[in-house]
Amino acid sequence: MDLKGRNFLTLKDFSPAEITGLLDLAADLKEKKKKGIPVDIHRGKNIALIFEKTSTRTRCAFEVAAHDLGICTTYLAEGSQIGKKESIADTARVLGRMFDGIEYRGFEQTLVEDLAKYSGVVVWNGLTNEYHPTQMLADMLTIREHFGKLQGLKLVYFGDARYNIGNSLCITCSKLGLNLTLCAPEKYFPNKALVEECAKWNKESGGSITLESDVDKAAKDADIIYTDVWVSMGEPDEIWAERISDLKPYQVNAEVMKKAKPTAIFMHDLPSFHDLNTKIGKEIGEKFGLTAMEVTDEVFESKQSVVFDEAENRMHTIKAVIAATLGNNF
């Protein structure tokens with residue numbers, strides 16, 4: 001697998017074999033990490049980490065992964081002039097003269113695409129409104145670790161499927177042969193054009209996409225139950241009431257998990273409002289009388305929950321992406 005010089009902007013750009021190859025590399029790097037085997041194959045290189053949206057997992061995963069590979073990182077957020085006094089195109093051309101790669105986490109997909117267009121170095125998508133490809137690799141590695149396979153498994157996503165997680169699940173499951181069900185009110189279904197685009201990959205992989213509004217039908221015989229926060233980062237506070245009203249029936253709770261297979265696992269890309277132990281969680285609880293939102297604490301803390309396996313695997317899979325796109329020297 002030769003991915004040297006390839007941008008990592010969306011998994012649309014990668015074949016099933018390349019995605020699987022990245023998962024295999026991530027598993028190998030994870031094993032080496034556990035055994036204390038050094039993998040500093042890119043010593044002397046430098047990468048820039050642009051965060052227009054803050055993050056715990058993505059920032060830590062990129063920084064630890066880079067350091068393990070021998071790479072130095074520079075974090076750019078509120079202290080930079082990106083999009084304020086300097087355009088993305090100009091920023092890209094400056095950073096491309098100084099760094100070997102650039103990570104971007106922020107808003108429109110066009111921004112990360114412009115970084116790739118103008119920088120002349122490898123660019124990685126840490127999250128945009130439309131796609132979250134590094135999360136998908138972590139999810140697929142986690143699923144494969146628990147089931148020993150991906151193809152043929154039923155993954156059910158509950159919640160707003162119009163944005164990065166819903167879109168990325170459509171692409172990834174279609175390419176790797178999982179049977180994806182997106183369960184929500186119809187107005188929260190993904191873009192029809194994307195579902196149609198995924199049909200060609202499903203035909204090749206044996207996977208499928210089902211759009212469903214009935215919770216019982218969706219959860220029946222599921223291997224994986226997946227959810228995400230009801231309001232994404234950067235969205236205005238005033239939409240909370242509408243989202244809670246619309247999506248409350250789609251909360252993942254013990255009754256939903258009972259409808260899935262006994263061997264089913266619960267997944268969430270985090271952070272999660274499963275209790276009142278956060279500032280936002282407490283505010284929403286007081287305003288709407290909820291003790292949890294998209295998932296109950298009972299499910300989140302259950303033995304079926306693999307959310308922290310996912311969180312750890314962000315680092316291993318991101319390390320694989322960096323290693324491979326800068327030139328995998330193993």
Side-chain angles (χ1 to χ4, degrees), residues 1-31 57-58 61-62 65 69 101 103-104 109 112-113 116 122-128 130-155 157 164-180 182 190 194-195 197-209 223-224 226 265 267 269 306 309-328 330:
M1 180 182 68
D2 182 7
L3 300 181
K4 186 176 182 179
R6 291 272 297 274
N7 295 311
F8 191 76
L9 308 182
T10 167
L11 287 178
K12 286 184 180 184
D13 301 332
F14 291 81
S15 69
E18 289 169 337
I19 298 170
T20 301
L22 285 169
L23 295 178
D24 292 342
L25 177 57
D28 179 62
L29 291 170
K30 184 174 182 176
E31 183 178 5
R57 279 150 301 282
T58 303
F62 265 96
L69 291 167
E103 178 272 349
Y104 174 83
Q109 181 73 9
V112 75
E113 290 172 355
V122 174
V123 173
W124 306 289
N125 180 358
L127 173 143
T128 61
E130 293 89 347
Y131 303 114
H132 200 356
T134 59
Q135 181 66 50
M136 291 300 104
L137 291 184
D139 293 343
M140 294 303 120
L141 181 61
T142 304
I143 293 169
R144 198 172 74 169
E145 287 174 341
H146 282 267
F147 293 102
K149 65 175 185 176
L150 293 170
Q151 192 169 29
L153 295 175
K154 179 180 179 181
L155 189 158
Y157 175 83
N164 48 47
I165 293 295
N167 291 342
S168 296
L169 282 171
C170 285
I171 297 163
T172 310
C173 291
S174 297
K175 291 209 170 195
L176 298 180
L178 287 84
N179 296 309
L180 173 66
L182 300 164
L194 176 64
V195 176
E197 184 179 8
C198 290
K200 61 184 178 183
W201 301 319
N202 276 316
K203 187 175 181 180
E204 295 168 357
S205 70
S208 64
I209 295 176
D223 295 292
I224 305 111
Y226 195 130
I265 59 175
M267 304 184 76
D269 55 301
V306 297
D309 292 342
E310 287 177 85
E312 177 189 345
N313 282 338
R314 291 294 306 284
M315 189 270 290
H316 302 299
T317 48
I318 284 171
K319 191 190 298 183
V321 170
I322 296 173
T325 53
L326 290 183
N328 181 0
F330 289 100

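These numbers come from a predicted model, not from an experiment. Along the sequence shown, residues carry numbers from 1.
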Checklist line | Donor-acceptor pair, side chain of Asn167 and main chain of Tyr131, under 3.5 angstrom | finding: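 Not a single qualifying donor-acceptor pair exists.
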| said: Please check: side-chain N/O of Ser174 versus main-chain N/O of Asn202, any donor-acceptor pairing under 3.5 Å? | reply: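 It does not hold such a pair.
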Practice task
Say whether Thr142 and Glu310, considering side chains only, have a donor N or O and an acceptor N or O under 3.5 Å apart.
Solution key: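 Their side chains do not contain a donor-acceptor pair, so the 3.5 Å distance test is not met.
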Exercise. Any side-chain donor-acceptor pair under 3.5 Å between Thr134 and Trp124?
Worked result: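 No donor-acceptor contact under 3.5 Å links the two side chains.
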*ring-ring contact (aromatic ring centres under 6.0 Å, His included) with Phe14: which residues, sequence neighbours excluded?*
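Once residues adjacent in sequence are excluded, the partners of Phe14 under the ring-ring contact (aromatic ring centres under 6.0 Å, His included) criterion are Phe8.
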Can you find a heavy atom in the side chain of [X] that is under 4.5 Å from one in the side chain of [Y]?
{"X": "Ile322", "Y": "Ile318", "value": "yes"}
{"X": "Leu137", "Y": "His316", "value": "no"}
{"X": "Leu169", "Y": "Leu155", "value": "yes"}

Quick one: closest heavy-atom pair of [X] and [Y], and the distance?
{"X": "Leu9", "Y": "Ala116", "answer": "CD1-CB, 4.0 Å"}
{"X": "Asp269", "Y": "Arg57", "answer": "O-NE, 3.7 Å"}
{"X": "Leu150", "Y": "Arg144", "answer": "CD2-N, 4.0 Å"}

One pair to check against side-chain contact (heavy atoms from CB on, under 4.5 Å): Asn164 and Met136. What are the steps and the verdict?
CA-CA 10 Å; Asn164 48 47; Met136 291 300 104; over 6 Å; no
Problem set entry | Lys/Arg-Asp/Glu bridge criterion (N-O < 4.0 Å) met for Glu18, Arg6 |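 A salt bridge links Glu18 with Arg6.
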Run the side chain to side chain donor-acceptor pair (under 3.5 Å) test against [X] and tell me which residues pass, sequence neighbours left out.
{"X": "Gln135", "result": "Asp139, Arg314"}
{"X": "Lys30", "result": "Glu145, Asn313"}
{"X": "Lys175", "result": "none"}
{"X": "Asn179", "result": "Ser208"}

Subject >> For Glu312, all residues meeting salt bridge (charged side-chain N to carboxylate O under 4.0 Å, His left out), sequence neighbours excluded >> reply: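 For Glu312 the salt bridge (charged side-chain N to carboxylate O under 4.0 Å, His left out) partners, ignoring immediate neighbours, are Lys34.
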